[in-house]
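Below is one structure, written out as structure tokens; comments come after it.
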Protein chains: 2
Amino acid sequence: MKKIATSTISRLSTYYRTLNTLLNKNIATVSSEEIAHINGFTSAQVRKDLSFFGAFGKRGLGYNVEKLRDEIGKILGLGKKWNVALVGFGNIGRALVDYKEFKTQGFLIKAIFDNNPQKVGEVINGIKVHHFDDSCKVAADEKIEIAIIAVPADKAQQVVDSLIGCGIKAYLNFAPVTIKTPENVRVKNENMSIELEALSYFLTRCKP
Amino acid sequence: MKKIATSTISRLSTYYRTLNTLLNKNIATVSSEEIAHINGFTSAQVRKDLSFFGAFGKRGLGYNVEKLRDEIGKILGLGKKWNVALVGFGNIGRALVDYKEFKTQGFLIKAIFDNNPQKVGEVINGIKVHHFDDSCKVAADEKIEIAIIAVPADKAQQVVDSLIGCGIKAYLNFAPVTIKTPENVRVKNENMSIELEALSYFLTRCKP
DNA sequence: AATTGTGAACCTCTTCACAGCT
DNA sequence: AGCTGTGAAGAGGTTCACAATT
């Protein structure tokens, strides 16, 4: 299969969200120009992104909002529910358990792992906190496909190494370190400090 | 000034973190090859990124860890403390108040804003929750330079519009919407669902 | 001998511009 | 007439490869 840029995939997510919003407003048809304008892209970019996966519009008319939403959902694999494990039940971890957006997009946290004996056994929103030693067994039982890494930076690599051994191939990493994985494993980073530092750079360089 | 790619800036943040780690291990000198290897980049990339800002190494020897760390810190504007406001005191907001990494990188949350009267007046880690109506006054008093947006998606744009009116020019946005701003204002997005959807795409497309 | 700093080559992503449908 | 879909052109970012330096 042709390789698709990660920037294209991330824009598809944005289009998906936009189309859902339009659908809630009972708007039936939309042009690439409108989708672009809402999100600050160009219309050519929108059409090009979609063209990698097929021809979903009608020339002269635009796109059917619901149909395009569903097509993008299919591309992104959002038709199914994904079983997610949360690793690390500190501040970030606790916030993520309550983050509504995950559930609405079909990402269901099915298990929580932590090493702290005081936390093990706790139940939040019906989700049980397990000791990390049991992660492989629980991951298999719950058919976990994605792990969210919310452990301290110096533990992140070993946690991921261990979970790769349990067969988990996709990670959302909140720890501020680069995690090394084999080719067939994917890590996405959510690094809040890096974004803040980009703002710091901007404010420092771009004084009025 | 020459325009620098945002990817370069984000890698500089990574180098900065790497150099701090090396410094803690009392390592005095490092090569571009080593920095690259730790983070999964190429050595040419590391040298090119640095070259936009100056010549910090010694040919044949490499870079002095502490000196390079300080130079990158200077580039990113990390020499000073940044005063940050947190807008929205829900799940995400509460987690961010306790997020240690912000403080260690010099980003100090000085004020919290929320509309909920039950939350207004609350004090966390010595930080007071103010009503959003008072945001301009408090932002001025606390010399706020950066705002973290942790409000629901449908409120994010109006919150930012209002804060731009108070003179805040840099935003870290956790709401899953595209925020429109004038040229001289910068928004960085921290969109966890987009990253998860990229993992969903990967798992769907790249089956073994 | 080792490693930097950098122009040039290369590759990837974005935008243009227009033929082709509706 | 209006808007999509797309090859080609353009812009931007990354890697190469080597002269310069310690």
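Within every chain, numbering begins at 1; the chains are lettered A, B, ... in the order of the sequence lines, protein sequences first and strands thereafter. Computed over heavy atoms, backbone and side chain alike; hydrogens, waters and symmetry mates excluded.
- Checked against dC13(C), dT6(D), dG13(D), the side chain of S51(A) finds its nearest nucleotide in dT6(D).
- In this structure, S43(A) contributes its side chain and S32(A) its backbone to no donor-acceptor pair below 3.5 Å.
- Residue-to-nucleotide proximity on DNA chain C shows that, of A44(A) and T6(A), the 5′-proximal contact is made by T6(A).
- Atom C1' of nucleotide dC16(D) and atom CD of Q45(B) are separated by 13 Å, given to the nearest angstrom.
- Under 4.0 angstrom from either OP1 or OP2 of dT4(C) there lies at least one side-chain N or O belonging to S32(B).
- If you take CD1 of I35(B) and P of dG5(C), they are 11 Å apart, rounded to a whole angstrom.
- One donor-acceptor pair, N or O on each side, does fall under 3.5 Å between the base of dT4(D) and the side chain of R59(A).
- Between the CG atom of L61(A) and the P atom of dG5(D) there is a distance of 11 Å, given to the nearest Å.
- Evaluated for a side-chain hydrogen bond (donor to acceptor under 3.5 Å, both in side chains) with E145(A), the options K169(A), K81(A), K80(A), K110(A) yield exactly one hit, K80(A).
- Defined by atom type and a distance below 3.5 Å, a donor-acceptor pair is missing between the side-chain atoms of E195(B) and N191(B).
- In terms of polar N and O atoms assigned as donor or acceptor, the side chain of K48(A) comes within less than 3.5 Å of the base of dG7(D) in a complementary pairing.
- Note on S7(B): only backbone sugar-phosphate atoms sit closer than 4.0 angstrom, heavy atoms only; bases stay farther off.
- Near DNA chain D, meaning a heavy atom under 4.0 Å from it, residues 9-22 of chain A has no residue at all.
- Contact between I109(B) and F102(B) at its shortest, heavy atoms only, is CD1-CD1, 4.4 Å.
- The shortest distance between the side-chain N/O atoms of Y63(A) and the OP1/OP2 oxygens of dG5(D) is below 4.0 Å.
- Looking at the side chain of S31(B), the nearest of the listed nucleotides dG5(C), dT14(C), dT3(C) is dT3(C).
- The side-chain heavy atoms of F174(B) and M192(A), taken from C-beta on, include a pair separated by under 4.5 Å.
- When the P atom of dC3(D) is taken as reference, atom CG of N64(A) falls 16 Å away, rounded to whole Å.
- Contact check, T42(B) against dT15(D): a side-chain N or O comes under 4.0 Å of OP1 or OP2.
- Using a 4.0 Å cut-off between charged side-chain N and carboxylate O, K137(A) and D141(A) make a salt bridge.
- The side chain of A5(A) approaches dC13(C) more closely than any other nucleotide in the set dG5(C), dC13(C), dG13(D).
- If you measure from atom CZ of R47(A) to atom P of dG7(D), you get 14 Å, rounded to the nearest angstrom.
- Closest to the side chain of K58(B), from the set dG5(D), dT14(C), dT22(D), is dT22(D).
- Under 4.0 angstrom from either OP1 or OP2 of dT3(C) there lies no side-chain N or O belonging to S43(B).
- If you measure from atom CD of E71(A) to atom P of dG5(D), you get 11 Å, rounded to the nearest angstrom.
- Under a 3.5 Å cut-off, the side chain of K100(A) and the backbone N or O of D98(A) do form a donor-acceptor pair.
- The two residues L22(A) and V30(A) come nearest to each other via the heavy atoms CD1-CG2, 3.7 Å.
- Atom CZ in F41(A) sits about 10 Å away from atom P in dT14(C), given to the nearest Å.
- A straight line from CD of E33(A) to P of dT15(C) spans 12 Å, rounded to a whole angstrom.
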